[in-house]
Asker: 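The structure follows.
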There are 2 protein chains.
Amino acid sequence: MEKQIDNHYRYLQQHFSYLIRQQALLPGEKLPSERDIGERFNLTRMTVRQGLQTLEAEGLIYRQNRRGWFVSPPAVVYNPARRQSFIEYVSSQGFEPSTDLIGVTVNPADARMAELMKVDKGARLLFLQRRRSIDGRPVLIEHIYINTALLPGIEKEDMSQSLTHLLRNKYGQAYHSMNLIFKSTALLEDAARELGAAAGLPGLHIERTNYDAAGRVLELDYEYWRHDAVTIQIDVNDA
Amino acid sequence: MEKQIDNHYRYLQQHFSYLIRQQALLPGEKLPSERDIGERFNLTRMTVRQGLQTLEAEGLIYRQNRRGWFVSPPAVVYNPARRQSFIEYVSSQGFEPSTDLIGVTVNPADARMAELMKVDKGARLLFLQRRRSIDGRPVLIEHIYINTALLPGIEKEDMSQSLTHLLRNKYGQAYHSMNLIFKSTALLEDAARELGAAAGLPGLHIERTNYDAAGRVLELDYEYWRHDAVTIQIDVNDA
DNA sequence: CAGTGGTCTAGACCACTCC
DNA sequence: GAGTGGTCTAGACCACTGT
């Protein structure tokens, strides 16, 4: 007993949704061009785009700026409580992670950052911008602020590697506790551009504060994810 | 040093974003109609709608079906680890929570539900559908499956009240552990309609499995949130 | 009823990617 | 240069809301 679809864009949505679920269209595969779809279904490009946008909102397809629409791969599961690095949890799920370093600078903390990281104004903070990809598809932009006073010499390390590993191996620091904030919102304009995505793309923001054993802020991490690329999972145990 | 905006819809976005941040437009306030905005800025309705949709994706405004666009109130912070009820965490943040019971049925478990809840196929499950609002604004639809065998007589209770309280007071059951899954995706069609929202609205899905002290599944809870209405916050402590 | 957003048409030009 | 999505125009009719 299927529901009657009287909207054209919903018809498109259901059509492609069906093809994707049946795996007639495979992850990473390119959809026909908007003009081709319009011709095939006798629809204006605007209507086609509306249909595609609803599929994008569902996380079934994604676009790369002016290159086309593609079927979304399955989302990676991110379980922050496990304290695994991006590299660990992505590869353990059978995907291929990679990291591009976009920028590294050392800046004095302004008033806002000083408060967030519980350091004095002017303290030296290492600021990293990285892009991380899964199977070659850019999925998140990361902005990281590191308290260099707690991790001397860290700015001389290779910053495209896993910070989790670096802290563990070189500094003997495991993350002790962390505070996590998740928010569903549009990707920031810069993040969208660096992901090769259209601005205003639905995104997931994660803000993570990592503390050392003494409760000091080791690192502040902002992650801007393509919303279809990740599922968050957490186990909460007895208090 | 402001960036030059050459897109019309981005200009609109920046304009209203500014007004909202300056509180020249207050939470809950209605925006002018799409046609009025178009006239004022000399833009087509399609372009106006595109601008408004990006503001919606940012979580700054929301719409109610055919009633208009409104400024979003601040998001409520949901911290699952605190095991507070919706009523508790909403009211403790200075908002007014309310709950509408949409449906109650008792059904035998099908194969899928039986597996998810670790019961025999055909076991009696209480199924609740509720709509929850903050300050009168519907923000989430909840689908709850309850294992009646563990909570005898529960189907005779008032199901618009807090389940957390009911379990605590009548059954002496506190939630022990829970498993949480968060996914940013479009609202389901039914959920969107019950929230008075357009279908395909960006949404946040939360899936929560609550276990009793013996590790049995007490309750399975699916929450479909308007994406601008909630921020998730979790503290993870030493393992 | 008038007013609102929801959907849709039939075009157009532009910016960028790919070859 | 051909093809793609990104943006935009100037309309139209419909479904639903409020009065």
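Heavy atoms only: backbone and side chains are in, while hydrogens, waters and symmetry mates are out.
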Asker: To the nearest angstrom, how far is B/L31 atom CG from C/dG3 atom P?
Answerer: 19 Å
Asker: If I take atom CD in residue B/Q64 and atom C1' in nucleotide C/dG6, what distance separates them, rounded to the nearest angstrom?
Answerer: 15 Å
Asker: Enumerate all atom pairs, one protein N or O and one N or O from nucleotides 8-13 of chain D, separated by less than 3.5 Å.
Answerer:
residue, atom, partner, partner atom, Å
D/dC8, OP1, B/H8, N, 2.4
D/dC8, OP2, B/Y9, N, 3.3
D/dT9, OP2, B/T44, N, 3.2
D/dT9, OP2, B/T44, OG1, 2.7
D/dT9, OP2, B/T47, OG1, 2.8
D/dT9, O5', B/T44, OG1, 3.1

Asker: Nearest-Å distance, CZ (A/R63) to C1' (D/dT7)?
Answerer: 12 Å
Asker: Taking atom OG of B/S17 and atom NE2 of B/H15, what is their separation to the nearest 0.5 Å?
Answerer: 10.5 Å
Asker: Got a list of side-chain donor-acceptor pairs under 3.5 Å for residues 53-64 of chain A, not counting sequence neighbours?
Answerer:
residue, atom, partner, partner atom, Å
A/T54, OG1, A/G51, O, 2.7
A/E56, OE1, A/R63, NH2, 3.0
A/E56, OE2, A/R63, NE, 3.0
A/E58, OE2, A/Q13, NE2, 2.7
A/Q64, OE1, A/R67, NH2, 3.0

Asker: Any sub-3.5 Å donor-acceptor pair from A/T47's side-chain atoms to A/L43's backbone N or O?
Answerer: no
Asker: Return the value, rounded to whole Å, for the distance between atom CG of A/D36 and atom C1' of D/dG5.
Answerer: 13 Å
Asker: Is the closest side-chain donor-acceptor distance between B/H143 and B/E223 under 3.5 Å?
Answerer: no
Asker: So which protein N/O to nucleotides 17-19 of chain C N/O distances come out below 3.5 Å?
Answerer:
residue, atom, partner, partner atom, Å
C/dC18, OP1, A/R67, NH1, 3.0

Asker: Using atom CD of B/E34 as one end and atom C1' of C/dT7 as the other, report the distance to the nearest whole Å.
Answerer: 11 Å
Asker: Which of parallel (below 30°), tilted (30 to 60°) and perpendicular (above 60°) describes B/Y145 and B/Y222?
Answerer: perpendicular
Asker: Expressed in angstrom and rounded to an integer, what is the separation of B/E39 atom CD from C/dG3 atom P?
Answerer: 13 Å
Asker: Taking only side-chain nitrogens and oxygens of A/R49, does any of them come within less than 4.0 Å of OP1 or OP2 of D/dG6?
Answerer: yes
Asker: Heavy atoms only: give me the nearest A/A24-A/E29 pair and the separation to one decimal.
Answerer: O-OE1, 4.2 Å
Asker: Aromatic rings A/Y89 and A/Y78: how do their planes relate, parallel, tilted or perpendicular, breaks at 30° and 60°?
Answerer: parallel
Asker: Answer yes or no: is there an ion pair linking B/R130 with B/E142, defined by an N-O contact shorter than 4.0 Å?
Answerer: yes
